[in-house]
Novice: 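Can you read through this structure? Questions will come right after.
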Amino acid sequence: MTFLRQLNERLARNDFLQMSLLFFGLLVATLAFTWPASEQIANNSFFSVAQVRLMALLLLALGFGSFELKQTRRQKLASLLALLTLSLTSMAFEVATYAVSFPQVPLYWTLLLGLIDPIAYFGIGIVLGFLLGLVRLTAVLPMAILALPIGFIFLDIPLGIPLFNPLTAIGQLSLAHLFLMTVFATLTLVYLLSPRKNAKL
Amino acid sequence: MRRCSQLWFLPFLLLAQVYAQDIRFELGFNQEIVANHWNPLVLELRNHPPVTLRVAIDQGSLKEGEIPMTYEARLPRSQGFSHFEDELFLPEWRSISWVVESEERILASGSFPRRQAETTPLALILSNNLASWADLLPDHRLTEALSHQLPERVAAYDGVEILIMDGTVTAPSPEAIISAATAGTRVIFFEPLPSSYASLLKLTESSSRLGAGYLLKVDRTSLKSALLAKQSLDREALLAAFDDEALTDFPRLTRVGPVLVLASLFSAAILLIFRFLPSTAVTTSIVLSLIASILAWSWLKPYPPVKEQARTLEIAGGDLALEQGLYSIITLPSASKALPFASRIDPLLEHRQAPNLTLLELSRWSNLIALKKPRLVQAKFQLIPSDDGLILRNLSAQTLQAVYVKGRGLQSSLAPDSQLFVKDGGLELPPGALERIAPFLPNGTALAIAGDTIFVSLPEMSP
């Protein structure tokens, strides 16, 4: 079976379809709530849509990364690429709201974060799943997936720069965040593409 | 010895005292400030290093919080006497503080309390007997002015309603009187006046109307009626009508309904591709998303994101005119703007001013109007009485359109450097700017439009 076919099949699997349905439903609902009714009110829909989209992608990345611990690396890679496909297909929401909201950050920045951050968080998810598996606490995995981004948000507050927190990074260009996420994403890709057979992870 | 050691700061105090004595800072006439108007600002120094004058104004209120505005002017080093003059628009402030400082130290500072923020225009009296005028003008805010200190720029007289000279003090310069009258002040010469006023009295010979104001000679018998007369323009109302031309409407945005329908259809299409196109799901969905992004961008983006407009109102009387510029902007993205003129900003907004400069930081989705500091110009559209009737003259380089004389009706358009006799025409006002400002102008006023400029020429004063 070719990898592309495996990827297409991953997209068509029920769990992914359900998550995608929830994801797009969330984006449409966000649009409905934040699109202004009057021209006199600033259209701030971009800020909500971009944050909801990125946060949802990161939670999905953490979830797929940690829950698919027992899958082969090829299957994990297919899941990651399926997630990136979801990121690319949902960029129309971000482009449309960017066109009417005139935010400070350039469009390429938010689209870039939508590709790099999910890869990094997928890797973090794999590590999280592995660590909780080691201490036999996989039952708390759903809670840990939600708690981790919140922890990152609170970690950024004393640091004073948007380092881990994707929500503040989306509002301003942050080279520190980009660098950190690129490092995590590279490590994730190196792990997923390396041909090691006897690894525990 | 111990007592002496406690006096170590005396030389510094003396130094500060020396500087303080050499510095004169004045805001308004005699420190009488007219809120919501342009006020004269004077700084005089002697033998000073390079200094910066900084005026910090809080324009906010209890409800709106602090809205700071800062005025800054730099003065180079001077070995002798240096005199700096400018005008500053002051809204109804919460606090005003000023400081004159060099790199090393603060040379002088002060503040104006909130209770001084009065909007009542001033009556400037050039007399050594102010008390007698106070009886004659009980409803006015009187202040004494020194002839030699009268500013020679129109903006300084923005808050002055009436200027009276009774000849008991030295005659002011003709430039100051011309500036005052052009700004819209009623300038009254109380006769008999000494011979030193002869050059000023000449100004009233050719035309009593000058710019937006006028000059009037009165004696004891006609004084009361002249003081009671309200023949000067209601400039605030006129400017408010002129403001209506500014950009205020944001671009019409797409309604949420169609956006939601299309977003839902797009989402459904992507999910169906994931489910039912197992061989090409990735490529098809990404291509569809790219196409949707391009279509959404071209459909939704409101053009242009920044809209700017500049308009000018020229109020002429005689050979001179008061020019009032208006700049308006609507910006959807946030923007930094450096306007090359001093201005009055509406709505109140945090900004910085310097001589001939306004620096603004505009937030997303904002609009504002900047009314430029008024200035004196040669009248380009004149209404001249002659034996054969009224003549309209166009001295501008543009053809004047929608030429209208209030009470006489619409006239034909006027080519550059040409003139025409006023005749009776259709009394219906051309819709738009002229229609809005005409009610605030006296009967017989001529109005015209050329490009972005509205020309107003006031008629001679009725006796």
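Here is the naming used below: chain letters follow the sequence lines, and residue numbers restart at 1 for every chain.
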Novice: Checking heavy atoms, do the side chain of B:Ile270, its backbone, both or neither come under 4.5 Å from chain A?
Specialist: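 Interface part for B:Ile270: side chain.
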
Novice: Assess whether ring-ring contact (aromatic ring centres under 6.0 Å, His included) is satisfied between A:Phe102 and A:Phe46, documenting all intermediate values.
Specialist: CA-CA 8 Å; A:Phe102 299 94; A:Phe46 168 80; over 10 Å; no

Novice: Is there any N or O donor on one of chain B and chain A with an acceptor on the other under 3.5 Å, and could you list each such pair with its distance?
Specialist:
| unit_1 | atom_1 | unit_2 | atom_2 | d |
| --- | --- | --- | --- | --- |
| B:Thr254 | O | A:Trp35 | NE1 | 2.9 |
| B:Pro278 | O | A:Asn8 | ND2 | 3.0 |
| B:Ser279 | O | A:Asn8 | ND2 | 2.8 |
| B:Val282 | N | A:Asn8 | OD1 | 3.2 |
| B:Ser289 | OG | A:Leu88 | O | 2.8 |
| B:Ser289 | OG | A:Thr89 | O | 3.1 |
| B:Ser334 | OG | A:Gln104 | NE2 | 2.4 |
| B:Arg364 | NE | A:Ser101 | O | 2.8 |
| B:Arg364 | NE | A:Phe102 | O | 3.2 |
| B:Arg364 | NH1 | A:Asn44 | OD1 | 2.8 |
| B:Arg364 | NH2 | A:Asn43 | O | 3.0 |
| B:Arg364 | NH2 | A:Asn44 | OD1 | 3.0 |
| B:Arg364 | NH2 | A:Ser101 | O | 2.7 |
| B:Trp365 | NE1 | A:Glu39 | O | 3.1 |
| B:Trp365 | NE1 | A:Ile41 | O | 3.4 |

Novice: Is it the case that the side chain of B:Asp58 and the backbone of B:Pro68 share a donor-acceptor pair, with hydrogens and angles ignored and the cut-off at 3.5 Å?
Specialist: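 Checking the backbone N and O of B:Pro68 against the side chain of B:Asp58, no donor-acceptor pair under 3.5 Å is found.
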
Novice: Taking side chain as everything from C-beta outward and backbone as N, CA, C, O, which of these in A:Phe23 sits under 4.5 Å from a heavy atom of chain B? Side chain, backbone, both or neither.
Specialist: neither

Novice: Are any of the side-chain nitrogens in B:Asp158 or B:Lys373 under 4.0 Å away from the carboxylate oxygens of its partner?
Specialist: no

Novice: For a 4.5 angstrom cut-off between non-hydrogen side-chain atoms, does A:Leu115 reach A:Leu88?
Specialist: yes

Novice: Assess whether a salt bridge exists between B:Arg311 and B:Glu323, defined as any Lys/Arg side-chain N lying under 4.0 Å from an Asp/Glu carboxylate O.
Specialist: no

Novice: Checking heavy atoms, do the side chain of B:Phe276, its backbone, both or neither come under 4.5 Å from chain A?
Specialist: neither

Novice: Which answer fits A:Leu107, side chain, backbone, both or neither, if we ask what part of it has an atom under 4.5 Å from a heavy atom of chain B?
Specialist: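 The answer is the side chain of A:Leu107.
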
Novice: Would a 4.5 Å heavy-atom cut-off, applied to side chains only, mark A:Ile170 and A:Val105 as touching?
Specialist: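 They are not in side-chain contact.
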
Novice: Report which part of A:Leu27 has an atom under 4.5 Å of a heavy atom belonging to chain B: side chain, backbone, both, or neither.
Specialist: neither

Novice: Between B:Glu308 and B:Tyr327, is any side-chain donor less than 3.5 angstrom from a side-chain acceptor?
Specialist: yes

